Amino acid sequence: MKKDKSVLIPNPNGASNSKHNDNNDEEQFNNTNDFHLPTATRNGSSKYDFVKVKVWLGDNADHYYVLSRFLLSRMLTVTKIPNHVALKIALELKKLLIDNSLLDVSQSDLEANLFKLMERRGYGQEYINRYKMMTRFHHQRVPLVILVCGTACVGKSTIATQLAQRLNLPNVLQTDMVYELLRTSTDAPLTSSPIWARDFSSSEELITEFCRECRIVRKGLAGDLKKAMKDGKPIIIEGMHVDPSIYLMDEENKSTKTDENDIKDKENNASALSSHSENSHQGAENSRTEAIVPEDSEKISDALKSVDIVDHAAGSKDDNKKDQVTDKKPTLTREKSGVTEPVIIPIVLKMSEFDHKALLEEWISSRKFSDKYPIQEKDKLISNLKTIQDYLCSFKSQGLTVAHISATTFPQTLDWLHNHLLQCIEQGISSASKGSNEQTGGS
């Protein structure tokens, strides 16, 4: 690895972003290197892409990766730098390295020069701190679950896709697809007609059925969520069948069970150290009892989570859910202990009643089952959707984020959500760092 040369950023006063200087740089590149590069034949590519720059990692430079300016630009867009500017900064960095014959560079030198280029274009310390924060986030492999909730025609898929692109998150799951797969491929009690197109005697009955279907879909997502938690990968879940209280209560229950097990282990260890033969016999009985309790609790938990559960009254069921969410700080939730500590960020999308009704009417009329419902029943369908929307928005009082979507302010809303997610991720990194320091201190 070559470390005898350093990269020098040209003086900003003598630098220019004009095409003339860029052409001069390319001519100098051709004259100062011994090998000839083919000319790029497609838009967005550069002859600098044909040269590999190795970025070495670690104090001893044991490992390296090949610099990709396109991946680097994706990382820069996470910091809220516009995409076209991020592409230019990434290209400038690679040109700078190649023009200085630095085909081997350390990660620290790469970042130092990247930050200088960012500052030259007016993206100073605030953006640099975001870049460093996201780098730590990926290194710590903190599982991230973003829930995009809402009814039909509020922009869930659009928001989820845009956020995934901005935050460079590759995994987006749609609950509508999971619902159809479960309905057609399993024996799950799901019907072909959507929930908002059915008849219910009351709003409470509608919400009860909605929560039941959300639990079924949550079970269908269990494998993907488990893999995301294990590998420490971010994931976005969007769709109508997303009840944020279910995901938040799942993590709270896991945390509670882990804490109870830790307390039991400590008590058993203390009693084992202070007891002899008589106490050891009693400890054996206690251990058998403790072995039965988790098994029974799992059965009870499975029964409560079963797809056929509707034995609670709807009103008390909703109240209990809201109380549990209230106790949890639902905007940003983490497990208190364990290897995986996911950050769960629920977002509820809402649209003004007039705009939402207009979109819903157009959407319902375009559906293939619209012939089944006369015009006078469309108001009932819209009313059912509004009931579900009100239920989801009711969690705002417990701290969940409710974003108001409008065609006129969509870019501003997207920017606000981008910034909100970055703040939540920063809190997650801080919590992970504190947790690791506490475990290190305790050990």
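Computed from a predicted structure; not experimentally measured.
- The one candidate from Ile146, Leu169, Ile236, Thr401 that meets the side chain to side chain contact (heavy atoms under 4.5 Å, CB included) condition with Leu421 is Ile146.
- When every heavy atom of Lys156 is checked against every heavy atom of Gly239, the shortest pair comes out as CE-C, 3.4 Å.
- Residues Leu147 and Pro244 approach most closely at CD1-CA, 4.2 Å, considering heavy atoms.
- Side-chain atoms of Tyr64 and Asp104 include no donor-acceptor pair closer than 3.5 Å.
- To the nearest 0.5 Å, the span separating SG on Cys424 from CG on Asn419 amounts to 9.5 Å.
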**Message:** Let's go through Gln125 and Ile128 carefully: what are the C-alpha distance in whole Å and the side-chain angles of both, what is the deciding distance for side-chain contact (heavy atoms from CB on, under 4.5 Å) to 0.1 Å, and is it a yes or a no?
**Reply:** CA-CA 5 Å; Gln125 196 61 42; Ile128 293 174; 4.1 Å; yes
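- Although no hydrogens or angles enter the test, the distance criterion places a donor-acceptor pair under 3.5 Å between the side chain of Thr79 and the main chain of Leu76.
- In this structure, Asp62 places its CG atom where more than 12 heavy-atom neighbours from other residues, nucleotides or ligands lie under 6.0 Å away.
- More than 12 heavy atoms of other residues, nucleotides or ligands sit less than 6.0 Å from atom NZ of Lys80.
- Using a 4.0 Å cut-off between charged nitrogen and carboxylate oxygen, Arg183 and Glu180 count as a salt-bridge pair.
- Proximity of Glu353 to Lys386: side-chain heavy atoms (C-beta onward) are separated by under 4.5 Å at one or more points.
- Val145 and Met229 make their closest contact through CG2-CE, 3.5 Å (heavy atoms, listed as atom of the first residue, atom of the second, distance).
- In this structure, the side chains of Leu97 and Leu67 come closer than 4.5 Å at one or more pairs of heavy atoms.
- Counting heavy atoms from C-beta outward, Ile237 and Asp224 have side chains that stay 4.5 Å or more apart.
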**Request:** Go through the steps for Leu414 and Leu163 under the test side-chain contact (heavy atoms from CB on, under 4.5 Å), then give the verdict.
**Result:** CA-CA 8 Å; Leu414 190 60; Leu163 290 177; 3.9 Å; yes
**Request:** Starting from the C-alpha separation in whole Å, work towards a yes-or-no answer on side-chain contact (heavy atoms from CB on, under 4.5 Å) for Tyr247 and Leu221.
**Result:** CA-CA 11 Å; Tyr247 297 82; Leu221 295 170; 3.3 Å; yes
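- Contact of the Val154 side chain with the Lys350 side chain is not registered, since no non-hydrogen atoms from C-beta on lie closer than 4.5 Å.
- Nearest heavy-atom pair, Cys211 versus Ile246, reported as atom, atom and distance to 0.1 Å: O-CD1, 4.0 Å.
- The ring-ring contact (aromatic ring centres under 6.0 Å, His included) test applied to Phe200 returns no partner, not counting sequence neighbours.
- For Glu361, there are no salt bridge (Lys or Arg N to Asp or Glu O under 4.0 Å) partners, not counting sequence neighbours.
- Inspection of the Glu111 and Gln107 side chains reveals an N or O donor paired with an N or O acceptor under 3.5 Å.
- Residues Asp415 and Arg166 are paired through a salt bridge, judged by an N-O separation under 4.0 Å between the basic side chain and the carboxylate.
- For NZ of Lys94, the number of neighbouring non-hydrogen atoms (other residues, nucleotides, ligands) closer than 6.0 Å is greater than 12.
- In terms of heavy-atom proximity, Cys149 sits nearest to Val242 at SG-CG1, 3.5 Å.
- Residues Ser157 and Val172 form no side-chain contact, since every pair of their non-hydrogen atoms from C-beta on lies 4.5 Å or further apart.
- Ion pairing between a basic and an acidic side chain is recognised when a charged N comes within 4.0 Å of a carboxylate O; Glu92 and Arg120 show no such pairing.
- Asn384 contributes a side-chain N or O that, together with a main-chain N or O of Trp196, makes up a donor-acceptor pair within less than 3.5 Å.
- In this structure, OG1 in Thr151 is found 12.0 Å from CD1 in Ile195, a value given to the nearest 0.5 Å.
- One distance of note links CE of Met75 with CD1 of Ile81; it measures 11.0 Å at 0.5 Å rounding.
- The aromatic rings of Tyr179 and His241 lie parallel to each other, their planes meeting at an angle below 30°, with 60° marking the opposite boundary.
- Within the 3.5 Å criterion, the main-chain N or O of Gln412 finds no donor-acceptor partner in the side chain of Thr409.
- Taking the six-membered ring for Trp and thresholds of 30 and 60 degrees, His420 and Trp416 have nearly parallel ring planes, at less than 30 degrees apart.
- Distance check, rounded to the nearest 0.5 Å: CZ of Phe115 to CG of Asn113 gives 10.5 Å.
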**Asked** Can Leu114 and Leu72 be said to form a side-chain contact (heavy atoms from CB on, under 4.5 Å), step by step?
**Response** CA-CA 10 Å; Leu114 173 63; Leu72 178 60; 3.9 Å; yes
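- Between Met133 and Leu422, the closest side-chain pair of non-hydrogen atoms falls below 4.5 Å.
- Annotation: side chain of Asp355 is not in contact with side chain of Ile405 (no heavy-atom distance under 4.5 Å).
- Between Arg130 and Val78, the closest side-chain pair of non-hydrogen atoms is not below 4.5 Å.
- One distance of note links CG of Leu110 with CG of Leu57; it measures 10.0 Å at 0.5 Å rounding.
- A distance of 13.5 Å separates NZ in Lys132 from NE2 in His139, rounded to the nearest 0.5 Å.
- Ionic pairing of Lys116 and Glu119 is not present here: no N-O contact between side-chain nitrogen and carboxylate oxygen is shorter than 4.0 angstrom.
- Residues Thr387 and Ser203 come closest through the heavy atom pair CG2-CB, 3.8 Å.
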